[in-house]
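Heads up: the structure comes next, in structure tokens.
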Amino acid sequence: MNYNFLEIEKKWQEFWKTNRTYQVGFSSKPKLYVLDMFPYPSGAGLHVGHPLGYIASDIYSRYKRHNGFNVLHPQGYDSFGLPAEQYAIKTGQHPKKTTADNINMYRNQLDRIGFSFDWSREIRTSDPNYYKWTQWIFILMFNSFYCPFDNKAKSIKSLINSFEKEGDKKFKSQLSDLGYSFNHSEWDGFNPKKKSEILMNFRLAYLTDGEVNWCEELGTVLANDEIINGVSERGGYHVSKRKVKHWCLRISEYSERLLSGLEKIDWPDPLKEMQRNWIGKSKGVSLNFKVENSKNSIEVFTTRPDTIFGVSFLTIAPEYKDISDLSSQNKLAITEYISEVSKKSERDRLSDVKSVSGVFSGSYAIHPFNGKKVPIWVSDYVIASYGTGAVMGVPAGDQRDFDFAKKFQIDIPNIFKDIDISNAAFSEKTGFKLNNSEFLDGKDYDESLEIIINEIEKKNIGKSKVQYKLRDATFSRQRYWGEPIPIYYKDGIPQNIDPIDLPLKLPEVDNFLPTKNGDSPLGNSKSWAWSEKDKKVTSNDNINNVDTFPIELNTMPGWAGSSWYFYRYMDPSNNENFVSNDSQNYWSDIDVYFGGSEHATGHLLYSRFYQKFLYDLKFLNKDEYAKKLVNQGMILGNSAFVYRKSGTSEYLSKNLISDYKVDKIRIDIKYVNAEDQVNFDLLKKEDRDFKNSKFILENDKFLCVREQEKMSKSKFNVVNPDEICDQYGADTLRMYEMFLGPIEQSKPWDTRGISGVHSFLKKFWNLFYNDSKINLSDEQPSKEALKTLHKTIKKVSEDIEKLSLNTCISSFMICINELSSMKCNNRFVLENLLILISPFAPHFAEELWSQLGNTKSIVDEKYPEFEEEYLVESEKVYPVSFNGKTRFTLNLSLDLNHQEIEKEVLSHEKTKSILDNTIPKKIIIVPGKIINIVI
RNA sequence: GCUCGAGUGGUGGAAUUGGUAGACACGUUGGACUUAAAAUCCAAUGAGCAGUAAUGUUCGUGCGGGUUCAAGUCCCGCCUCGAGUACCA
């Protein structure tokens with residue numbers, strides 16, 4: 001019988017479904033939680049790059065199941081958010097419909113690959129029963145604050161309590177920074193609006209009126225991690241700054257814990273490094289400069305207080321909070337400058353890094369140590385939201401300050417002894433002694449740092465300070481397709497909807513398109529106001545009813561639903577809790593999490609923040625959710641391009657372009673000859689894309705240019721897994737994807753290479769068959785065959801543990817090659833091999849397993865145990881090298897001792913002929929490894 | 001600019017962590033089977049030199065040094081590519 005993969009795969013996929021083979025529950029077995037990042041169901045469908053991580057995690061899950069673990073391996077859909085909505089807008093359909101359609105398409109494609117997902121636990125972030133809990137967590141954040149004394153989140157009630165009992169006493173420093181001061185009776189006297197305003201500065205989910213990244217094309221606000229190189233990550237659109245009232249999550253309070261938590265999780269170093277950079281911790285001091293003839297002072301943050309005597313100016317950001325107090329002298333120029341800066345888009349600002357701009361404020365500050373007057377400048381190279389929004393300009397020690405001073409002819413005092421700073425600043429922390437620095441003269445960095453911090457604290461003009469780059473996360477999206485924010489406004493004061501009334505369902509609207517002016521599409525809904533009495537959404541028309549209030553119109557960002565979804569899989573249909581204690585206690589946390597590193601500073605950071613927040617409030621019992629994380633690499637597609645003479649419809653073969661100005665045009669790979677991979681298929685060029693085009697050939701051929709790029713539908717270089725399944729089968733696809741290379745590496749896809757894996761499976765299959773009948777021997781397996789088997793058991797299980805799945809496939813190939821040449825048809829050996837391969841090629845293994853007469857599925861068979869005794873060798877082929885170069889090999893018994901080996905080697909003819917009567921200087925023998933003779 | 005990561009045959013990639021570089025595949029070439037093709041099987045395949053040949057020999061893991069009996073692997077200095085980040089004081 002032939003290996004009829006189409007029939008086999010269909011048969012077993014149905015078997016698994018009807019027998020609920022992959023459904024799991026509580027068990028006395030040890031648990032293991034293996035998770036993939038769930039997909040966005042976009043309209044493009046899967047290409048062969050998508051399942052890469054899913055296949056790896058599936059192999060790992062199945063392997064662990066054979067080894068006695070109760071493996072939770074669920075899957076679901078991240079179905080809210082921009083991609084789903086964009087697709088809906090493009091196709092002119094309601095996102096609800098397109099999302100459902102896309103999910104069906106994804107599911108069909110996933111099912112063909114034979115994953116062991118427990119689909120009974122499927123979740124969708126856009127399902128009201130799911131987002132009920134996303135909203136619930138938001139309310140929890142809204143009603144919490146970060147307590148600096150206990151260093152954790154606590155209920156806002158305890159803060160209110162403290163205000164009621166002792167006024168601002170406990171939180172004096174924070175409150176006075178915000179400009180508040182009150183005793184307990186004053187607090188009692190504040191009206192609700194004032195109270196809300198004060199509390200808003202503490203809530204972990206808070207409403208603010210600050211600058212945001214506004215993307216007009218997408219019609220929404222974006223978080224920092226959704227912007228790449230100054231343009232939107234999705235679509236690459238223009239992003240500018242805009243003042244908008246919006247919700248934020250106070251993730252910055254968790255900076256230190258997010259940073260230190262990285263130490264205890266086994267995540268890839270590059271990814272941890274990215275999170276560290278994003279959090280951006282730096283130690284320094286904050287320092288006060290008095291403003292001349294004014295009560296005001298300017299606080300700057302610096303990491304180099306040792307360079308204090310090099311200060312020749314101060315610079316403040318255009319958005320600096322007290323700017324109006326300073327600008328009395330030069331008001332007009334400053335206003336002009338500020339408006340100029342605000343017109344610049346994010347991208348202009350980035351591309352403009354080199355150009356220096358700024359304006360003198362007209363005011364001076366007083367140097368706290370030498371009393372000199374230093375001018376205060378305004379410039380956009382200082383960022384308002386970092387540090388204090390003001391810096392001290394030390395042109396000798398900082399290149400930006402240097403450039404600024406040069407441009408505006410500000411003094412550049414040299415504070416470094418014998419260092420030339422005429423062309424550039426000296427910004428190293430080593431290799432200098434200070435100069436012109438009064439009591440710091442002659443000191444190096446470490447010495448002066450200690451002294452100056454001491455002096456600063458003694459004079460009470462500043463203090464040591466730790467700064468983080470991490471900003472609070474913008475949470476509002478002016479979008480339709482997202483979780484409604486469960487907030488309504490009573491007399492302009494935001495109130496959360498009672499959690500009992502969740503979910504707050506997304507209303508039907510006629511028009512869900514984003515608006516250019518930034519109003520949310522939810523405003524289009526006729527029924528979108530909150531009735532406090534009825535506890536439900538009611539018509540906007542009733543907005544003036546006594547107990548009816550407007551609801552928040554913005555929705556949540558895509559990452560809200562994905563920040564906690566891994567807990568929902570543990571208990572997906574619980575209506576009382578987002579996860580039950582029993583479920584959480586049993587499944588605990590993720591043992592291995594597979595996904596792309598592109599989520600490093602988005603999903604993977606936000607979810608750690610959610611985790612810590614829910615841990616603080618004792619809803620979770622771990623403060624990190626994934627012990628180990630694996631970043632699978634991308635699969636690269638082989639994109640194709642043709643050259644076209646600029647301004648014409650004449651196309652030139654690859655090597656004919658030298659004399660012309662040409663445009664490089666991306667073409668669909670369907671036009672490229674599948675055999676040779678460069679020849680443009682002239683038979684297909686009649687397609688409408690190339691109507692009226694002229695093709696100039698070279699040697700009767702038209703050659704394209706091929707380049708490797710990330711596989712993506714927009715690049716016309718995708719390979720559909722369905723086609724591979726049709727042609728070679730899912731098991732071949734699974735094994736080939738693993739065979740391509742290490743899981744974490746990016747690697748190019750080449751369909752031609754698949755034949756090797758496919759013929760391996762056929763070869764394996766043929767070991768069971770003789771003349772189209774199963775033909776196995778029940779005799780004792782040969783010593784040789786057992787050695788091959790156990791060698792493979794050892795190698796494959798070690799490699800799966802290391803997730804080195806590409807080398808597993810090689811080992812299988814070696815094994816089958818060896819057994820084929822032995823003509824091995826031994827039942828014991830082949831049965832064991834079926835279990836070994838079943839994580840990789842599950843349909844294949846199930847089929848042969850059942851053909852051998854087994855009635856139960858192979859998935860719960862015990863994994864074969866490696867036994868050392870079959871591998872014990874009595875001899876070793878030693879490489880004999882001279883001065884480190886191998887010249888010949890020598891087969892020796894492993895029983896020989898050092899002297900005996902030396903004797904054997906030296907008496908060997910080849911040794912004699914190479915030595916040619918010279919006496920070796922030294923002979924190195926590592927028993928069981930190598931022999932090296934030094935001459 | 002800064003921070004990571006990576007450079008091994010024509011291609012994807014192996015190499016027990018310092019011990020026979022190129023496993024396993026793809027591709028290519030030659031052969032067998034076939035009227036033919038597909039499929040399958042067998043053989044060769046890092047580069048060069050010498051030899052009819054078995055074989056011998058030199059070079060060879062981005063480049064230049066170093067440590068070592070021994071370096072793809074460790075150390076120092078560069079180059080190239082990829083990713084992230086970007087006026088973060």
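Basis for what follows: all heavy atoms, side chains included, without hydrogens, waters or symmetry-related copies. Just so we're on the same page: letters track the sequence lines, and every chain starts at 1. A quick note: this is a predicted structure, and the numbers were derived from the prediction, not measured.
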Nearest-Å distance for atom pair [atom1]/[atom2], residues [X] and [N]:
| X | N | atom1 | atom2 | value |
| --- | --- | --- | --- | --- |
| I930(A) | U17(B) | CD1 | C1' | 16 Å |
| E299(A) | A89(B) | CD | C1' | 14 Å |
| D306(A) | A89(B) | CG | C1' | 13 Å |
| I933(A) | C69(B) | CD1 | P | 16 Å |
| K929(A) | C69(B) | NZ | P | 18 Å |
| E909(A) | G56(B) | CD | P | 13 Å |
| I298(A) | A89(B) | CD1 | P | 19 Å |
| Q399(A) | C2(B) | CD | C1' | 14 Å |

Please list, chain by chain and in numerical order, all residues satisfying side-chain contact (heavy atoms from CB on, under 4.5 Å) with Q727(A), sequence neighbours excluded.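 With neighbours one apart ignored, the set is empty.
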
Sequence neighbours excluded, every pair satisfying side chain to side chain donor-acceptor pair (under 3.5 Å) that has a member inside residues 735-747 of chain A: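 Of all non-adjacent pairs touching residues 735-747 of chain A, none passes side chain to side chain donor-acceptor pair (under 3.5 Å).
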
Does any residue of residues 463-474 of chain A have a heavy atom under 4.0 Å from RNA chain B, and if so, which ones, in number order?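 Listed by number, they are K469(A), R471(A).
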
For [X], which residues count as a salt bridge (Lys or Arg N to Asp or Glu O under 4.0 Å) partner, sequence neighbours excluded?
| X | value |
| --- | --- |
| E299(A) | none |
| E798(A) | K794(A) |
| K791(A) | E818(A) |
| E598(A) | none |

For each nucleotide in nucleotides 23-31 of chain B, reading 5' to 3', give B when a protein heavy atom comes within less than 4.0 Å of its base, S when such contact involves only the sugar-phosphate, and - otherwise. BBSS-----

From C-beta outward on [X], which listed nucleotide comes closest to its side chain: [options]?
| X | options | value |
| --- | --- | --- |
| T303(A) | U20(B), A89(B), C87(B) | A89(B) |
| S282(A) | A89(B), U3(B), U58(B) | A89(B) |
| E273(A) | U20(B), G13(B), C4(B) | C4(B) |
| N932(A) | U58(B), A14(B), G19(B) | G19(B) |
| V382(A) | U3(B), A89(B), G19(B) | A89(B) |
| K910(A) | G56(B), A89(B), G12(B) | G56(B) |

Under a plain distance cut-off of 3.5 Å, with no hydrogens placed, do S361(A) and Y320(A) share a side-chain donor-acceptor pair?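 Note: Y320(A) and S361(A) side chains miss the donor-acceptor criterion.
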
Determine the Euclidean distance between corresponding [atom1] atoms of [M] and [N]; express it in Å to zero decimal places.
| N | M | atom1 | result |
| --- | --- | --- | --- |
| A83(B) | G77(B) | P | 26 Å |
| A15(B) | C2(B) | P | 33 Å |
| G9(B) | G72(B) | P | 14 Å |
| A70(B) | G60(B) | P | 15 Å |
| U73(B) | G62(B) | C1' | 16 Å |
| C76(B) | U67(B) | P | 15 Å |
| A21(B) | A71(B) | C1' | 11 Å |
| C63(B) | A25(B) | C1' | 31 Å |

Does the Y468(A) side chain pair with the main chain of Y254(A), one donor and one acceptor, at a distance under 3.5 Å?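 It does not hold such a pair.
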
Map M634(A) and V926(A) onto RNA chain B by nearest heavy atom, then report which one ends up closer to the 5' terminus.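 Taking each residue's closest nucleotide, the earlier one in sequence belongs to V926(A).
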
5'-most contact on RNA chain B: S746(A) or V934(A), nearest heavy atom basis?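 Result of the comparison: S746(A).
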
For [N], does either OP1 or OP2 sit under 4.0 Å from a side-chain N or O belonging to [X]?
| X | N | answer |
| --- | --- | --- |
| K922(A) | C69(B) | yes |
| Y386(A) | A89(B) | yes |
| K885(A) | U58(B) | no |

Below 4.0 angstrom, N of the basic side chain to O of the carboxylate: do K787(A) and E873(A) qualify?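 Counted as a salt bridge, because a side-chain N and a carboxylate O are separated by less than 4.0 Å.
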
Apply the syn/anti split at 90° from 0 to G9(B) and say which one it is.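 Syn conformation for G9(B).
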
Assign U17(B) to syn or anti; the rule is syn for a glycosidic angle within 90° of 0 and anti otherwise.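 That one's syn.
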
Provide the full list of salt bridge (charged side-chain N to carboxylate O under 4.0 Å, His left out) pairs with a residue in residues 800-811 of chain A, sequence neighbours left out, each pair given once.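 The answer is K64(A)-E801(A), D799(A)-K802(A).
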
Tell me, do K795(A) and C808(A) make a side-chain contact under 4.5 Å, heavy atoms counted?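 No, too far: nothing below the 4.5 Å cut-off.
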
Would you indicate what [X] reaches in the nucleic acid, counting non-hydrogen atoms under 4.0 angstrom: base, sugar-phosphate, or nothing?
| X | value |
| --- | --- |
| T315(A) | nothing |
| K921(A) | nothing |
| V877(A) | base |

Secondary structure of RNA chain B per the Watson-Crick/G-U criterion (both distances under 3.5 Å; [ ] crossing, | other strand, . unpaired) is (((((((..(((......[....)))((((((.......))))))(((((....)))))..(((((..]....))))))))))))....

With a 3.5 Å cut-off and sequence neighbours excluded, list the donor-acceptor pairs that the side chains of residues 268-275 of chain A form with protein atoms.
residue	atom	partner	partner atom	Å
K272(A)	NZ	L262(A)	O	3.0
K272(A)	NZ	I265(A)	O	2.8
E273(A)	OE1	R276(A)	NH1	3.0
Q275(A)	OE1	R608(A)	NH1	2.8
Q275(A)	NE2	A600(A)	O	2.9
Q275(A)	NE2	L604(A)	O	3.4

Exercise answer: donor-acceptor pairs, residues 927-935 of chain A side-chain atoms, under 3.5 Å, sequence neighbours excluded:
residue	atom	partner	partner atom	Å
N932(A)	OD1	S881(A)	OG	3.3
N932(A)	OD1	N883(A)	N	3.4
N932(A)	OD1	G884(A)	N	3.0

Any chance you could measure N817(A), atom CG, to L819(A), atom CG, to the nearest 0.5 Å?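 The CG atom of N817(A) sits 9.0 Å away from the CG atom of L819(A).
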
Looking only at heavy atoms, what is the nearest atom pair of V905(A) and T911(A), with distance?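 Nearest heavy atoms, V905(A) then T911(A): O-OG1, 2.7 Å.
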
